[in-house]
Amino acid sequence: MSSKRPNLLYILSDQHAASVMGCSGDPVARTPHLDRLADRGVRLTNLYCPSPICTPSRMSLLTGREPYENQVWTNENILSGAHATWPHALGAAGYRPELVGRLHSRGRDQLLGYAERAVGDHSPNHPGGPEPARGSLHGTNDPLRVSLSKTGAGSNPYEFHDEDVTEHAVTRLDEIGRARTAGDSTPFALSIGLMLPHQPYVANREDYDLFDGAVPPPRYPSVSEHPYHAGWRAETGIDDVTADESSRARTAYYALVYRMDAMIGRILDALDRNDLAEDTFVIYLSDHGDHLGEHGLWWKQTFFEESVRIPGIVSWPGHLPAGTTCDRVASGTDLTATLLDAAGAPALPNSSARSMIPILTENTANSSAWEDRAFSEYVTTSGRTHRMLRRDRWKFCYYADQPEQLFDLESDPHEQVDLGQHPDYATIVAELRMDLLHDWDPETVQRLCAESARDLEVLRVWAERVEPPEQHRWLMEESMSRLDQPQPA
């Protein structure tokens with residue numbers, strides 16, 4: 001590894017399904033700029049999110065710790081300020097980490113180790129803070145039935161947010177470029193937080209029309225009858241999604257991915273224009289995926305591949321082989337360790353995340369030293385206590401008080417055959433269960449989650465009455481939300 005410290009560009013999107021990219025083999029997706037980044041670097045084909053929900057996943061990506069170690073399981077939980085994050089580690093190594101856009105952190109600390117931040121979140125800084133005005137698209141950002149009835153062409157407020165993020169990011173890279181021309185060779189560390197392609201499944205008319213009639217229906221729409229999945233479908237009202245609703249939502253999603261890719265292209269163009277690309281370590285990933293109707297499900301919140309497997313691209317000219325793929329199983333937190341390793345920064349002391357630098361290089365991609373494993377967990381205040389282990393070919397899903405699931409992803413990559421209750425697989429189930437539970441006690445996890453929920457009730461009322469300042473907040477305006485042809489609620 002070169003002794004020269006690289007620039008760092010970390011791009012994190014929201015709810016991007018790993019399969020919806022041209023470089024992933026999707027013939028309909030239009031992602032020329034992510035494809036370009038993949039041509040420059042390594043695409044990770046078996047990368048998993050720490051949790052199939054936004055804040056827990058993002059906080060784990062920051063700390064390199066699992067959600068239970070952060071005690072952040074829901075979008076309301078607040079990450080302890082005592083936890084070191086990778087921006088803290090970069091700062092300790094002499095970088096000045098900057099963030100433009102989405103962080104999705106709750107609480108007073110809206111930097112979490114970043115030295116500077118531009119373009120805040122649309123959501124409130126504090127639990128109980130003022131919610132954004134969503135106008136006619138109210139509720140469509142949540143896992144609710146209305147998010148599938150109000151779909152199609154129109155105006156998505158998240159696109160406005162990401163346009164602001166892109167403008168600020170490009171401006172910042174141009175500033176860095178001018179400083180380089182003037183002789184300042186200080187390496188930068190810039191993190192970009194995007195909202196797209198998270199629902200609402202609403203895209204601008206021009207983009208929507210590019211995909212109208214071209215996006216196929218789900219390939220594996222047959223519903224899972226596992227008690228959790230059946231209960232989740234009933235709770236969210238998605239047992240009766242029509243073919244037209246599904247088609248509009250999927251079409252809009254592909255259009256949102258296309259628009260996100262165009263924004264990433266502008267950022268990569270700024271990197272090239274300012275002669276920064278050759279010295280920059282770039283990571284692209286997302287916090288979780290989206291079912292898009294597969295298995296009869298939408299959004300995320302499960303351990304099916306569409307929800308829990310995430311896109312990952314790593315580029316470092318001259319250090320990593322260009323235009324290659326890495327099929328090793330890894331967690332998004334491993335990219336946290338990888339970034340710090342590339343930067344020569346101290347490893348996060350309480351993180352079990354592993355640097356992927358050794359297996360991303362051409363000669364060691366098949367190293368036996370790397371263990372193919374990744375965990376994910378989904379815990380709610382309503383009592384759901386779920387954890388997943390992907391190890392080698394197996395995916396094991398643990399549900400407190402519900403049947404376990406086992407999938408052989410080598411022979412069944414689309415998870416159509418649940419082997420969890422099959423007697424022939426009892427030995428591997430027992431082995432994986434022991435591995436999954438050795439550091440994770442479901443009763444303790446649920447107790448701590450419930451304790452946190454009681455604290456949050458006080459914090460919500462406090463924020464409602466005290467009205468603390470929103471330190472980093474992007475203003476969402478009601479006029480940003482619109483359907484061109486409104487659908488019935």
Side-chain angles (χ1 to χ4, degrees), residues 8-14 49-51 53-129 161 165 168-169 172 188-195 283-288 331-343 345-353 452 455-456 459 463 468-474:
L8 303 168
L9 180 62
Y10 183 91
I11 305 174
L12 178 61
S13 66
D14 200 314
C49 65
S51 177
I53 191 171
C54 301
T55 298
S57 185
R58 289 168 176 269
M59 297 304 102
S60 287
L61 294 176
L62 277 169
T63 65
R65 304 185 190 193
E66 301 294 330
Y68 79 93
E69 295 173 308
N70 285 335
Q71 294 192 24
V72 176
W73 293 286
T74 74
N75 285 343
E76 296 288 281
N77 287 144
I78 299 171
L79 180 68
S80 169
H83 290 345
T85 65
W86 65 256
H88 283 124
L90 287 182
Y95 285 87
R96 187 171 178 79
E98 303 174 48
L99 168 64
V100 181
R102 185 155 177 76
L103 182 63
H104 209 175
S105 168
R106 297 292 201 192
R108 288 184 178 274
D109 189 351
Q110 288 295 308
L111 292 176
L112 296 178
Y114 288 104
E116 298 178 35
R117 183 180 181 188
V119 188
D121 284 299
H122 68 281
S123 51
N125 291 177
H126 302 276
H161 175 272
V165 169
H168 277 78
R172 184 67 187 113
F188 68 82
L190 183 62
S191 185
I192 311 295
L194 301 172
M195 272 303 310
I283 288 178
Y284 170 74
L285 76 165
S286 200
D287 55 356
H288 50 72
S331 169
T333 59
D334 292 327
L335 285 186
T336 301
T338 304
L339 180 148
L340 294 177
D341 188 11
L348 292 167
N350 294 303
S351 167
S352 59
S452 176
D455 278 334
L456 282 169
L459 295 177
E470 300 277 303
Q471 296 171 315
H472 293 275
R473 184 78 184 267
W474 179 82

Margin query: Determine whether Thr74 and Thr55 satisfy the following criterion, side chain to side chain contact (heavy atoms under 4.5 Å, CB included), listing intermediate values before the conclusion.
Written below: CA-CA 7 Å; Thr74 74; Thr55 298; over 6 Å; no

Margin query: Would the distance check show the side chain of Ser13 and the main-chain N or O of Leu194 forming a donor-acceptor pair, the cut-off being under 3.5 Å?
Written below: no

Notebook entry, point to check: Between Ser331 and Pro50, which heavy-atom pair has the shortest distance, and what is it?
Noted result: OG-CG, 4.4 Å

Next item on the list: Step by step, work out the side chain to side chain contact (heavy atoms under 4.5 Å, CB included) result for Met195 and Val165.
Entry: CA-CA 10 Å; Met195 272 303 310; Val165 169; over 6 Å; no

Check: Looking only at heavy atoms, which two atoms of Ser105 and Leu112 are closest? And how far apart?
Finding: OG-CD1, 3.4 Å

Checklist line | Glu116 (side chain) donor-acceptor with Glu98 (main chain) under 3.5 angstrom | finding: no

Margin query: Could you check whether any side-chain heavy atom of His288 comes within less than 4.5 Å of a side-chain heavy atom of Ser51, counting everything from C-beta outward?
Written below: no

Check: Yes or no on side chain to side chain contact (heavy atoms under 4.5 Å, CB included) for Ser123 and His104, after CA distance, side-chain angles and deciding distance?
Finding: CA-CA 8 Å; Ser123 51; His104 209 175; 4.0 Å; yes

Next item on the list: Specify the closest pair of heavy atoms between Arg102 and His161, including all atoms of both residues, with the distance to one decimal.
Entry: N-CE1, 4.1 Å

Next item on the list: Please report the closest heavy-atom contact between Ala115 and Arg96, naming both atoms and the distance.
Entry: CB-CG, 3.6 Å

Next item on the list: Using the six-membered ring wherever Trp is involved, compare the ring planes of Tyr114 and Trp86 and label them parallel, tilted or perpendicular (cut-offs 30° and 60°).
Entry: perpendicular

Notebook entry, point to check: If you round to the nearest 0.5 Å, how far is CG of Leu190 from CG of Leu99?
Noted result: 8.5 Å

Notebook entry, point to check: Are the side chain of Arg473 and the backbone of His122 linked by a donor-acceptor contact shorter than 3.5 Å?
Noted result: yes

Note to self: Is it the case that the side chain of Asn125 and the backbone of Pro469 share a donor-acceptor pair, with hydrogens and angles ignored and the cut-off at 3.5 Å?
What the structure shows: no

Item checked: Result of checking Asn350, Thr336, Asn70, Thr85 against Thr63 for side chain to side chain donor-acceptor pair (under 3.5 Å) -> Asn70

Notebook entry, point to check: To the nearest 0.5 Å, how far apart are CG in Leu79 and CG in Leu62?
Noted result: 7.5 Å

Check: What are the two closest heavy atoms between Ser57 and Cys49, and how far apart are they?
Finding: OG-CB, 3.7 Å

Check: Any donor-acceptor pair under 3.5 Å linking the side chain of Arg106 with the backbone of Asn75?
Finding: yes

Note to self: With rounding to the nearest 0.5 angstrom, report the OG to CE distance, Ser80 to Met59.
What the structure shows: 12.5 Å

Next item on the list: State whether the side chain of Ser60 and the backbone N or O of Arg65 hold a donor-acceptor pair below 3.5 Å, judged by distance alone.
Entry: yes

Next item on the list: Check Leu12, Ile283, Leu61, Leu340 against Leu335 for a side chain to side chain contact (heavy atoms under 4.5 Å, CB included) and give me the one that passes.
Entry: Ile283

Margin query: Just verifying a value: how many Å separate Ser286 OG and Arg58 CZ, rounded to the nearest 0.5 Å?
Written below: 7.0 Å

Notebook entry, point to check: Where is the tightest heavy-atom contact between Leu90 and Ala345, given as atom of each residue plus distance?
Noted result: CD2-CB, 4.1 Å

Check: How about Ile78 and Pro127: do any of their side-chain heavy atoms sit closer than 4.5 Å?
Finding: yes

Note to self: Working note: Tyr10 + Leu285, criterion side chain to side chain contact (heavy atoms under 4.5 Å, CB included); need CA distance, chi angles, decisive distance, verdict.
What the structure shows: CA-CA 8 Å; Tyr10 183 91; Leu285 76 165; 3.6 Å; yes

Next item on the list: Would you check if the side chain of Asp341 reaches a backbone N or O of Ala337 as a donor-acceptor pair within less than 3.5 Å?
Entry: no

Item checked: Side chain Gln471, main chain Asp109, donor-acceptor under 3.5 Å -> no

